[in-house]
Structure formats: structure tokens, C-alpha cells
Number of protein chains: 2
Amino acid sequence: MIVMDETLNNTADEIGDPDAAVDLGLLTNLLGYALRRAQVAVFADFHRRFAAEDIRPAQFSVLQVLRHNPGLRQAKVSAALGVKRTNFVPLFDVLETRGLAERRKVPGDRRASALFLTSAGEALLDRLDATIAGHEGRFVARVGGQEAKAQLLGLLRRLIEPDADDT
Amino acid sequence: MIVMDETLNNTADEIGDPDAAVDLGLLTNLLGYALRRAQVAVFADFHRRFAAEDIRPAQFSVLQVLRHNPGLRQAKVSAALGVKRTNFVPLFDVLETRGLAERRKVPGDRRASALFLTSAGEALLDRLDATIAGHEGRFVARVGGQEAKAQLLGLLRRLIEPDADDT
DNA sequence: TATTGTTATACTCTATAACTATA
DNA sequence: TATAGTTATAGAGTATAACAATA
């Protein structure tokens with residue numbers, strides 16, 4: 001880069017080629033950028049498929065955790081999902097109001113709440129699990145099969161790791 | 001699963017093992033979940049490193065595109081980055097107010113705006129490019145080197161693809 | 001009629017501070 | 001003093017509808 005003036009050299013790509021592909025520069029090889037675009041694409045499909053049940057990704061993740069860890073403390077659920085405990089309150093309130101999950105008092109500690117799915121929540125989750133299969137299948141196909149998916153998951157997990165200062 | 005009552009069988013994992021790792025169930029093998037956690041981890045590092053310059057990922061991406069496509073129409077920049085044109089307005093306003101980029105009227109079309117970096121924007125971007133190198137290097141190391149990164153980028157790009165109904 | 005940029009607006013997500021009741 | 005849950009609040013990010021100017 002020897003050109004010094006900010007405008008005299010290159011006025012507008014538009015003139016040369018109206019439909020030229022946009023050059024993303026550094027972004028093309030940035031992991032963060034690719035991650036963001038991929039996550040948005042996958043979540044867009046999630047939203048389409050779960051719009052009928054009115055379930056968002058965060059709500060789905062809470063239901064999943066409760067199914068596999070019934071009675072887990074609220075603070076542990078939020079920490080496991082990377083949601084601040086303060087933001088977890090309204091998130092769970094919605095599930096509770098909808099009758100999908102509930103808080104129960106813990107015998108040993110009168111401050112704590114143990115979280116459970118209701119039977120309605122279990123039933124809904126059974127349906128959601130079927131829906132998620134179609135969703136996941138779509139992207140497994142895109143990456144090139146189960147083996148490619150396993151490879152991708154392995155690489156993604158290496159990115160997540162420590163970070164210490166989590167919620 | 002033969003147990004029918006939603007509460008009699010499993011009261012709380014807490015009792016058996018207070019610090020037991022939380023079982024994420026299906027989430028463990030969901031691409032969307034891993035993508036989300038990885039993206040959050042990478043963006044958290046981005047925020048830490050760019051906090052001093054007060055630059056967010058979206059702002060950085062706009063500056064990059066302008067450097068590589070000076071004079072590009074506003075609508076094309078926003079579309080290239082997947083930002084709705086309506087949300088792009090305040091995003092670019094900030095950059096313009098800070099003197100990093102600017103709108104210029106296009107001769108041929110009096111409705112349109114061509115976007116450019118200012119010299120201050122160019123200068124800032126030079127510094128940002130140095131910062132991003134450290135950021136990217138951290139995650140390249142985490143995934144296991146340049147080869148692993150290339151592999152990961154390839155897999156992520158397969159996830160992005162069509163989607164047709166983009167901004 | 002369609003496109004470019006804009007305003008207004010609303011909803012979700014995320015972040016911080018501070019409170020309560022317990023421990 | 002520390003922890004569990006909560007409230008209030010503010011800031012981003014993202015979504016839709018509608019408008020003016022221009023094509």
C-alpha cells in the first residue's frame with residue numbers, strides 16, 4: 001500500500017462492475033466472522049422450525065438440561081448454559097408461566113430453587129426432539145455427513161474451552 | 001423411559017453429588033449449540049481487545065468492507081454483511097460521527113450514497129489489523145494451527161451457503 | 001412500480017447494580 | 001461475609017411498517 005490519498009485512486013467499484021461480488025477483505029479468513037455467519041444461518045433454521053411451538057434456542061436448552069438433570073439448582077442450570085443468573089429469572093419465568101417447568105423449594109436450603117420439567121414440559125420436549133432431528137440433519141448434510149460433523153464439533157469445542165470468567 | 005410420574009423417581013442430582021457436571025443432553029451433539037458457544041467465546045476475546053478503541057465486531061466489519069470496496073453503495077455494504085439496511089443506518093451514523101467513514105453523493109443516482117473510509121478511518125484500521133492478528137492467532141492456536149483453521153473455515157462455509165431469504 | 005435511504009418502534013439478549021432472605 | 005434468587009434498568013442487536021425522494 002503506497003497510495004496515500006484516501007480518494008483519488010479508487011472512486012467506486014460500481015462503475016467498473018455493478019454486480020461485482022463484495023470483497024470482505026480480512027473477514028474472509030476470520031474465524032469469528034465465519035462463526036457468526038454460520039451460527040446465524042443455523043439459528044435461522046431453528047427459528048423457522050420452532051416458530052409453531054414458540055420455542056427459542058435458549059428455552060430449548062433449558063428444557064433439555066432439566067430433562068437430564070431434574071431438580072438441579074437454578075444457579076447451576078444458568079451457569080451450565082452460560083446465562084447470567086439475573087437473566088435466567090425471566091427466561092425461566094416464561095417456561096413456568098407456560099406450565100412447561102417449575103421451581104420447587106429445596107429442603108436443605110431455603111434460599112434455593114430446584115428446577116423440574118412438568119409433564120406438559122416432558123411431552124413438549126418429546127415433540128421438540130423430533131423437530132430438532134430434522135433441523136440437525138439438514139446441517140449434517142450440508143457439512144458432509146456424520147464424520148464431518150464430528151470433526152466440526154471437535155474443532156468448535158477447542159475454541160470454547162477455558163475463559164475462566166464465565167457467568 | 002418407563003417411569004411415569006414426573007417427580008417420584010429423581011429428586012435432585014445435588015444430593016448424590018453436589019459438584020456433578022451438568023448433563024447437557026442433546027445439546028452436547030448439536031451443531032447450533034457448539035456454534036453458539038464458540039462464537040460467544042471468540043467474540044468475548046474480540047470485545048476485550050477492542051474495548052480500548054471502542055470498536056465492535058459489526059463496526060470492524062464495515063470498516064474492512066469499505067477499505068476493500070471504496071465507494072460501494074450503502075445498500076450493498078449492508079447486504080454483504082447481512083445487516084438489514086434499516087439497521088445499517090445508525091450503525092454507519094456512529095462511524096461517520098466519529099470521523100472514521102463518510103457518505104458521499106453518487107453522480108448517477110441522487111438517491112444513493114457511496115461509502116468511504118476517511119483518512120482517520122484508514123489509520124484506525126491499520127491499528128485494528130494489528131490487533132486482530134493477535135486475536136486470530138489465539139484461536140488458531142486453540143484449534144491446532146493453520147491447517148486446522150483452514151479445515152474449520154471450510155466446514156463453517158458449508159453451513160452458511162444459500163438461505164435465499166437474506167437481508 | 002421499484003429502489004435507496006430513512007424514521008419510528010418493538011422485542012430479544014445481554015450487562016450492571018443493588019436488594020432480600022437466607023446460610 | 002457469602003450465596004441464591006430477584007428486581008430494575010440500560011445497552012446492543014434485530015425485526016417490521018411506513019415514509020420521502022428518486023429511478
Side-chain angles (χ1 to χ4, degrees), chain A residues 12 14 18-19 36-37 39-41 43-44 46-48 50-51 54-62 71-97 101-115 165-167, chain B residues 12 14 18-19 36-37 39-41 43-44 46-48 50-51 54-62 71-97 101-115 165-167:
Chain A
E14 301 286 297
D19 286 349
R36 174 66 179 153
R37 298 301 296 246
Q39 186 248 302
V40 167
F43 273 45
F46 185 104
H47 280 109
R48 271 178 237 122
F50 291 87
D54 192 23
I55 288 291
R56 312 175 166 293
Q59 296 170 327
F60 176 77
S61 67
V62 172
L72 198 60
R73 304 288 204 76
Q74 184 167 315
K76 292 220 173 187
V77 175
S78 62
L81 293 173
V83 178
K84 293 196 178 299
R85 72 191 197 287
T86 185
N87 293 327
F88 189 85
V89 176
L91 168 58
F92 192 81
D93 284 347
V94 171
L95 298 177
E96 193 161 41
T97 299
E102 62 184 10
R103 294 172 170 93
R104 293 190 206 156
K105 278 307 170 190
V106 172
D109 188 334
R110 288 164 57 194
R111 297 170 302 180
S113 286
L115 308 185
D165 63 345
D166 264 15
T167 309
Chain B
E14 302 284 298
D19 286 351
R36 174 68 180 152
R37 298 301 297 245
Q39 187 247 303
V40 167
F43 272 46
F46 185 104
H47 280 108
R48 272 179 237 121
F50 290 87
D54 193 22
I55 288 291
R56 313 174 166 291
Q59 297 171 327
F60 177 76
S61 67
V62 172
L72 197 61
R73 303 287 204 78
Q74 185 166 315
K76 293 221 171 189
V77 175
S78 62
L81 293 173
V83 178
K84 293 198 177 297
R85 72 189 199 288
T86 185
N87 293 328
F88 188 86
V89 175
L91 168 59
F92 192 81
D93 284 348
V94 171
L95 298 178
E96 192 161 40
T97 300
E102 61 183 11
R103 294 173 168 92
R104 294 190 206 156
K105 278 305 168 192
V106 172
D109 189 335
R110 288 164 56 193
R111 297 170 302 179
S113 286
L115 307 186
D165 64 344
D166 265 17
T167 306

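Rounding to whole angstrom units, CD of residue Gln74(B) and P of dT22(D) are separated by 16 Å. Rounding to whole angstrom units, CZ of residue Arg73(B) and P of dT22(D) are separated by 14 Å. Atom-to-atom, NE2 of His47(B) to P of dC13(C) comes out at 17 Å; the value is rounded to the nearest Å. Distance, Phe46(A) CZ to dT12(C) C1': 15 Å, rounded to whole Å.
The CD atom of Glu102(B) lies 8.0 Å from the CZ atom of Phe92(B); values are rounded to the nearest 0.5 Å. Taking CZ of Arg104(B) as the start and CG of Leu115(B) as the end, the distance is 10.0 Å to the nearest 0.5 Å.
There is no side-chain donor-acceptor pair under 3.5 Å between Gln74(B) and Arg85(B).
Scanning both residues, Leu81(A) and Ser61(A), for their nearest heavy atoms gives CD1-OG, 3.6 Å.
For residues 86-93 of chain B, proximity to DNA chain D is found at Thr86(B), Asn87(B), defined as any non-hydrogen atom under 4.0 angstrom from a strand atom.
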One pair to check against side chain to side chain contact (heavy atoms under 4.5 Å, CB included): Val62(B) and Phe88(B). What are the steps and the verdict? CA-CA 10 Å; Val62(B) 172; Phe88(B) 188 86; 3.8 Å; yes
Pairs under 3.5 angstrom, nitrogen or oxygen only, protein versus nucleotides 19-23 of chain C, please.
{"unit_1": "dT22(C)", "atom_1": "OP2", "unit_2": "Arg110(A)", "atom_2": "NH2", "d": "3.4"}
{"unit_1": "dT22(C)", "atom_1": "O2", "unit_2": "Arg111(A)", "atom_2": "NH1", "d": "3.4"}
{"unit_1": "dA23(C)", "atom_1": "OP1", "unit_2": "Arg110(A)", "atom_2": "N", "d": "2.8"}

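Considering only the side chain of Lys84(A), dA15(C) comes nearest among dA4(D), dG5(C), dA15(C).
A donor-acceptor contact shorter than 3.5 Å is absent between the side chain of Gln39(B) and the backbone of Arg36(B). Checked by atom type and distance alone, the side chain of Arg103(B) never pairs as donor or acceptor with a backbone atom of Ala112(B) at under 3.5 Å.
Residues passing the side chain to side chain donor-acceptor pair (under 3.5 Å) test with Asp109(B), sequence neighbours excluded: Arg111(B).
Note on Arg103(A): every side-chain N or O is 4.0 Å or more away from OP1 and OP2 of dG5(D).
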